[in-house]
2 protein chains.
Amino acid sequence: MPKVTDAYREARRDEIARAALRVLERNGVRDTSIADIVEESGLSTGAIYSHFSNKVELARYVVGRFLLPRLDALEAAGDRDEIVTPRQALRGMLTAFSEAGLSTTLVLQFWGEAMVEPGLHDEMLRTAGRLRAALTHAIGPWARAQTGGAVPAPDAASAAPEASGELGPAEALAAATARSIVALAQGYIANTAVFGPRDVDEYLAGTSAVLGC
Amino acid sequence: MPKVTDAYREARRDEIARAALRVLERNGVRDTSIADIVEESGLSTGAIYSHFSNKVELARYVVGRFLLPRLDALEAAGDRDEIVTPRQALRGMLTAFSEAGLSTTLVLQFWGEAMVEPGLHDEMLRTAGRLRAALTHAIGPWARAQTGGAVPAPDAASAAPEASGELGPAEALAAATARSIVALAQGYIANTAVFGPRDVDEYLAGTSAVLGC
DNA sequence: ACCTGAACACCGTTCAAGT
DNA sequence: ACCTGAACACCGTTCAAGT
């Protein structure tokens with residue numbers, strides 16, 4: 001396949017996806033029809049179906065392309081072996097999310113849709129998987145500090161537990177903690193979408209008080 | 001209007017709503033058509049439209065009728081002037097929710113729909129309002145214990161702050177804390193719906209650890 | 001190969017006609 | 001007054017025909 005054509009196809013897919021995102025943010029998932037995207041993009045129905053096999057595949061593309069907040073800072077922190085506490089990781093994620101200007105109501109609508117569209121559910125799990133991996137990586141140093149002072153180099157060949165597919169205690173702690181961080185982020189998104197904006201630090205303080213910190 | 005007719009109408013509305021809930025739990029919000037509810041209920045299209053003016057009004061009725069966990073225990077605790085901490089109130093709510101057997105995926109779908117249907121959004125806010133009121137009431141004694149030892153009787157005529165529409169410090173604390181309790185419950189529901197079931201106490205322990213308890 | 005737009009099956013809602 | 005079910009406008013998707 002010639003490079004130009006591939007690049008052209010990718011650009012067209014992006015052009016359609018961007019038009020779709022504009023209409024989605026304006027009208028919501030339920031009230032966005034293919035006809036709306038046709039109008040917004042200036043293309044025809046058939047043109048869209050020659051780039052996406054159906055509406056769900058277009059939605060999957062939009063999720064993967066635009067709905068994941070930038071994880072670079074999070075990943076870099078893990079690389080630098082800085083001690084990032086789970087609370088700091090959560091705060092960083094929510095701040096990045098707020099600054100990205102992504103509509104929480106749109107995210108909540110996609111979650112709802114994902115409950116009923118297996119293709120969309122898979123894409124959300126893939127997106128969430130990358131997020132959890134980045135979080136697990138970022139809080140790795142913290143987890144190793146928690147589970148005894150020994151800090152094995154990440155690339156060190158390891159003994160029986162890993163060989164038999166089990167995680168070391170630090171890895172297990174980091175992975176379990178990552179799920180809770182994601183849960184708290186989901187709480188922030190759902191609460192904000194339903195009841196209106198709330199300051200990130202106020203949310204952290206409020207939830208801490210509830211749990212007894 | 002004769003009593004019998006009113007009772008009959010109410011019973012019919014309930015019969016339709018129960019049929020709708022069965023199909024909703026089976027197929028999800030997006031994949032449930034009026035035709036499905038017609039089939040499940042054994043009535044005709046027109047019969048359903050003679051009891052609900054449209055699909056959203058039927059959805060509102062289902063939400064108000066079946067989707068609110070029982071709050072009785074929570075309200076009774078506030079009445080008895082027991083000290084219920086926010087964490088205990090959250091735990092009680094989540095346990096009641098789990099025991100009620102309500103599908104978290106269905107709740108998440110309704111939240112998504114509510115983002116785009118004003119009628120459904122209003123009903124969710126009304127439902128959430130009752131929940132927050134019950135929580136505020138239940139943690140009232142705790143809030144009063146927090147904000148200085150003085151515990152004014154709830155029915156005592158009060159001084160300037162309340163008269164001018166402001167809340168006393170205990171009431172303000174209870175109200176703000178109630179929002180955070182709801183946010184943590186939303187996090188549990190969204191996380192469970194997307195990633196699968198999780199034990200309530202494990203969720204509480206995990207989120208506490210993230211926030212630094 | 002990409003694109004057009006009329007055609008198709010199905011959706012929520014309405015309404016003349018029955019009881 | 002409650003109910004029936006055919007009819008209507010609109011949706012996602014397909015496909016013969018164009019370039």
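Residue numbers start from 1 in every chain, and the chains themselves are labelled A, B, ... in the order their sequence lines are given, proteins ahead of strands. All heavy atoms count here, side chains included; hydrogens, waters and symmetry mates do not.
You'll find that the side chain of A/Tyr8 is closest to C/dC2, out of C/dC2, D/dT4, D/dC2. If you check C/dG12, D/dT14, D/dC2 against the side chain of B/Ser50, the one that comes closest is D/dC2. Distances from the side chain of A/Thr45 to the nucleotides D/dT14, D/dG5, C/dG12 place D/dT14 closest.
To the nearest 0.5 Å, the span separating CG on B/Leu120 from CH2 on B/Trp111 amounts to 13.0 Å. Rounding to the nearest 0.5 angstrom, the gap separating the CG atom in B/Leu24 from the CD1 atom in B/Ile37 is 6.0 Å. Distance check, rounded to the nearest 0.5 Å: OG1 of A/Thr104 to CD of A/Gln109 gives 9.5 Å.
Within residues 23-33 of chain A, no residue is approached by DNA chain C to less than 4.0 Å at the level of any non-hydrogen atom. Near DNA chain C, meaning a heavy atom under 4.0 Å from it, residues 110-120 of chain A has no residue at all. For DNA chain C, the neighbouring residues in residues 51-61 of chain B, judged by any heavy atom under 4.0 Å, are B/Asn54, B/Lys55.
For residues 110-126 of chain B, the pairs satisfying salt bridge (charged side-chain N to carboxylate O under 4.0 Å, His left out) are A/Arg30-B/Glu113, A/Arg30-B/Glu117, B/Glu123-B/Arg126, with sequence neighbours left out. The stretch residues 91-142 of chain B participates, sequence neighbours left out, in no disulfide (SG to SG under 2.5 Å) pair at all.
Distance, A/Glu39 CD to D/dC10 C1': 15 Å, rounded to whole Å. Note: CG (A/Leu43) to P (C/dC2) measures 13 Å, nearest angstrom. B/Ile34 places its CD1 atom 11 Å from the P atom of C/dC11, with the value rounded to the nearest Å. One can place OH of A/Tyr49 at 14 Å from C1' of C/dG5, the figure rounded to the nearest angstrom. The interatomic distance linking A/Ile48 (CD1) with D/dT14 (P) rounds to 14 Å, in whole Å.
Taking side-chain N and O atoms only, A/Arg9 has no distance below 4.0 Å to OP1 or OP2 of C/dA1.
Side chain of A/Thr207 to backbone of A/Leu204: a donor-acceptor contact under 3.5 angstrom is found.
Remark: A/Tyr203 engages A/Tyr188 in a ring-ring contact (aromatic ring centres under 6.0 Å, His included) (not counting sequence neighbours). Residues satisfying the salt bridge (charged side-chain N to carboxylate O under 4.0 Å, His left out) criterion with A/Glu25, sequence neighbours excluded, are absent altogether. In terms of the salt bridge (charged side-chain N to carboxylate O under 4.0 Å, His left out) criterion, B/Glu39 has no residue partners (sequence neighbours excluded). In this structure B/Phe52 satisfies the ring-ring contact (aromatic ring centres under 6.0 Å, His included) test together with B/Tyr61, sequence neighbours excluded. For A/Glu10, the salt bridge (charged side-chain N to carboxylate O under 4.0 Å, His left out) test picks out no residue, with sequence neighbours left out.
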For Watson-Crick and G-U wobble pairs within 3.5 Å on both distances, what is DNA chain D written in dot-bracket notation, | included for inter-strand pairing? ||.|||||...|||||.||

Atom pairs and distances, donor-acceptor, side-chain atoms in residues 87-94 of chain B, under 3.5 Å, two or more places apart:
unit_1  : atom_1 : unit_2   : atom_2 : d
B/Arg87 : NH1    : A/Leu211 : O      : 2.9
B/Arg87 : NH1    : B/Ser208 : OG     : 2.9
B/Gln88 : OE1    : B/Thr85  : N      : 3.0
B/Gln88 : OE1    : B/Thr85  : OG1    : 3.4
B/Arg91 : NE     : B/Asp201 : OD1    : 2.8
B/Arg91 : NH2    : B/Asp201 : OD2    : 2.9

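Here B/Asp14 does not pair with B/Arg9 in a salt bridge; the nearest charged N to carboxylate O distance is not below 4.0 Å.
Side-chain contact check for A/Leu125 versus B/Val194: some heavy-atom pair is nearer than 4.5 Å.
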